[in-house]
Amino acid sequence: MNKTIATYIQYLKSKGLAANTLESYQRDLKQAMAFFEKERQINEWEKVDQYAIMDLVNNLKGRDRSAATINRLLSALRRFYRYLICHRGLRFNPLELVDNIQPATPQAPEILTESETQRLLRAPDSTTLLGCRDHVMLLVMAATGMRVSELVQLSLKDLHLDIQMVRSGAGSKQERLIPLSTVASGSLQEYLTRVRKKLARPGEDAVFVNAHGHRLTRQGVWKNLKQLVKVAQIDKAVTPQTLRYSFAVRLLNNGADSRLIQAMLGYSEMRMLKPYLKMSPQEMVNSYRQHQPRL
């Protein structure tokens with residue numbers, strides 16, 4: 001079986017496939033071969049049937065392999081068996097009776113209620129410099145849906161508070177301008193003039209700095225958030241991503257178009273928010289009556 005794989009990989013190589021693609025095919029086929037030999041005592045590719053393939057799939061599921069990983073392996077096997085049929089005279093393709101694995105439907109992400117968000121925003125001790133910083137950071141995340149990595153990368157040149165905008169993801173494919181609420185913009189301005197200048201080291205251009213005056217790290221934000229969640233007595237597993245999704249759901253609940261949310265969050269995959277995009281029958285009727293074409 002191993003020799004057949006080697007011959008097949010050489011055949012694909014002659015077709016000009018990329019080295020990483022060849023490596024991926026070889027790895028998947030050898031993984032399948034190892035399972036067939038050890039678990040099914042099969043040592044010839046011609047003796048593999050659909051039941052052996054289904055056993056392989058169930059084994060991978062039991063090892064918590066993702067649907068994408070399993071489907072990639074099945075795709076490699078399908079292509080391999082087409083080769084065996086065309087070049088080795090094999091008459092039966094066992095993959096014809098095996099379907100791809102359907103990806104699991106994503107669970108709705110846990111979000112904060114409006115009340116919980118307000119409690120979290122009040123959790124920092126605003127009588128201290130670092131407490132003021134934490135309050136403004138939380139406010140910016142809650143008001144923009146910004147990633148924590150984008151938050152800590154914010155530099156002074158990214159702020160356009162005169163027009164209540166902030167540039168996020170500068171220099172990356174996710175670079176975009178995000179509007180700020182009046183409250184968030186005002187709080188940022190106050191932080192810059194009253195707090196940051198006392199914290200930041202000379203020459204530091206980061207918007208949010210740590211106690212030593214240097215750019216705050218993702219780990220620093222996570223650590224502070226974890227502590228503030230306890231202070232706010234929120235019994236949920238809150239992460240920066242929780243604030244991101246909570247922001248998006250608040251927009252949805254306020255009637256925002258999903259395209260606005262996509263533009264604000266800076267990604268095209270809306271699958272995590274899919275449970276919140278569903279409309280009730282009554283909402284569907286009301287929306288249709290409001291926007292129905294005049295015929």
Side-chain angles (χ1 to χ4, degrees), residues 112 116-234 236-248 250-251 263-267:
L112 296 180
E116 288 169 334
T117 301
Q118 292 300 324
R119 277 162 41 202
L120 183 60
L121 291 175
R122 292 193 298 266
D125 181 2
S126 295
T127 64
T128 67
L129 295 178
L130 295 180
C132 288
R133 178 207 63 188
D134 289 341
H135 170 75
V136 175
M137 277 197 316
L138 291 174
L139 183 59
V140 169
M141 284 194 287
T144 65
M146 194 178 293
R147 296 179 179 90
V148 65
S149 57
E150 295 171 335
L151 181 84
V152 298
Q153 285 302 316
L154 281 180
S155 296
L156 296 176
K157 64 180 181 297
D158 297 321
L159 301 181
H160 305 280
L161 301 184
D162 54 330
I163 56 172
Q164 296 187 356
M165 299 284 283
V166 59
R167 183 177 61 171
S168 179
S172 72
K173 293 182 179 180
Q174 297 291 340
E175 181 174 341
R176 62 203 184 281
L177 282 173
I178 301 177
L180 290 169
S181 67
T182 301
V183 173
S185 180
S187 296
L188 255 175
Q189 186 62 63
E190 183 179 1
Y191 161 76
L192 293 176
T193 56
R194 189 173 67 86
V195 176
R196 184 191 174 278
K197 67 179 183 179
K198 297 179 181 179
L199 288 174
R201 289 289 185 92
E204 177 61 67
D205 68 343
V207 173
F208 295 108
V209 296
N210 58 26
H212 302 291
H214 298 299
R215 185 179 296 273
L216 194 64
T217 64
R218 293 176 57 190
Q219 292 78 8
V221 175
W222 276 73
K223 180 181 177 181
N224 291 345
L225 178 60
K226 185 176 180 180
Q227 180 60 35
L228 292 171
V229 169
K230 290 182 180 179
V231 173
Q233 297 182 333
I234 297 174
K236 291 180 179 178
V238 180
T239 68
Q241 196 77 342
T242 307
L243 297 178
R244 185 167 162 80
Y245 288 138
S246 299
F247 160 78
R250 280 196 300 276
L251 285 181
M264 289 284 288
L265 298 190
Y267 59 40

Between CZ of Arg133 and CG of Asn224, what distance do you get to the nearest 0.5 Å? 5.0 Å
Exactly one candidate in Gln227, His135, Met137 meets side-chain contact (heavy atoms from CB on, under 4.5 Å) with Pro124; the answer is His135
First locate atom OG of Ser246, then atom CG of Leu251, and finally report the distance between them rounded to the nearest 0.5 Å. 11.0 Å
N/O donor-acceptor pair under 3.5 Å between Arg250 side chain and Ala142 backbone: yes
Rounded distance (nearest 0.5 Å) linking atom CG of Leu159 with atom CD of Gln164: 12.5 Å
Please find the pair of heavy atoms, one from Asn210 and one from His212, that lie closest to each other, and give the distance. OD1-N, 2.9 Å
Just checking, any donor-acceptor pair under 3.5 angstrom between side chains of Ser155 and Arg215? yes
Between CG on residue Asp134 and OH on residue Tyr191, distance to nearest 0.5 Å: 9.5 Å
Heavy-atom check, side chain of Val207 versus side chain of Asp158, under 4.5 Å: no
To check you understand the geometry: which heavy-atom pair defines the closest contact between Val221 and Met141, and what is its length? CG1-CE, 4.2 Å
Do the side chains of Val136 and Val195 get nearer than 4.5 Å, heavy atoms only? no
Crowding at NZ, Lys230 (>12 non-hydrogen neighbours, <6.0 Å): no
Val152 vs Phe208, side-chain contact (heavy atoms from CB on, under 4.5 Å): CA-CA, chis, key distance, verdict: CA-CA 7 Å; Val152 298; Phe208 295 108; over 6 Å; no
Backbone N or O of Val148 within a donor-acceptor pair of the Arg218 side chain at under 3.5 Å? no
Side-chain touch His160/Asp162, heavy atoms, less than 4.5 angstrom: yes
With the side chain counted from C-beta on, respond yes when Leu151 and Leu216 share a heavy-atom pair under 4.5 Å apart, and no when they do not. no
Is there a side-chain contact between Gln153 and Met146, using heavy atoms and a 4.5 Å cut-off? no
If you compare all heavy atoms of Val238 against all heavy atoms of Leu225, which two are closest, and at what distance to 0.1 Å? O-CD2, 4.2 Å
If you measure from CE on Met165 to OG on Ser185, what distance do you get to the nearest 0.5 Å? 11.0 Å
Between Lys226 and Trp222 (side chain of the first, backbone of the second, donor and acceptor by atom type, cut-off under 3.5 Å), is there such a pair? no
Looking at side-chain heavy atoms only, is the closest gap between Leu177 and Val166 below 4.5 Å? no
What side-chain donor-acceptor pairs closer than 3.5 Å can you find for residues 125-132, not counting sequence neighbours?
unit_1	atom_1	unit_2	atom_2	d
Asp125	OD1	Thr127	N	3.1
Asp125	OD1	Thr127	OG1	2.6
Asp125	OD2	Thr127	OG1	3.2
Thr128	OG1	Asp125	O	2.9
Thr128	OG1	Gly131	N	2.9

Any side-chain heavy-atom pair of Thr242 and Lys236 under 4.5 Å: no
Test item: Arg201 side-chain N/O and His214 main-chain N/O as donor-acceptor pair under 3.5 Å: no
Lys/Arg-Asp/Glu bridge criterion (N-O < 4.0 Å) met for Glu204, Arg196: no
Nearest heavy-atom contact between Ile178 and Ser168 is CD1-CB, 3.7 Å
Distance col, row Leu120:CG vs Ile234:CD1, nearest 0.5 angstrom, shows 4.5 Å
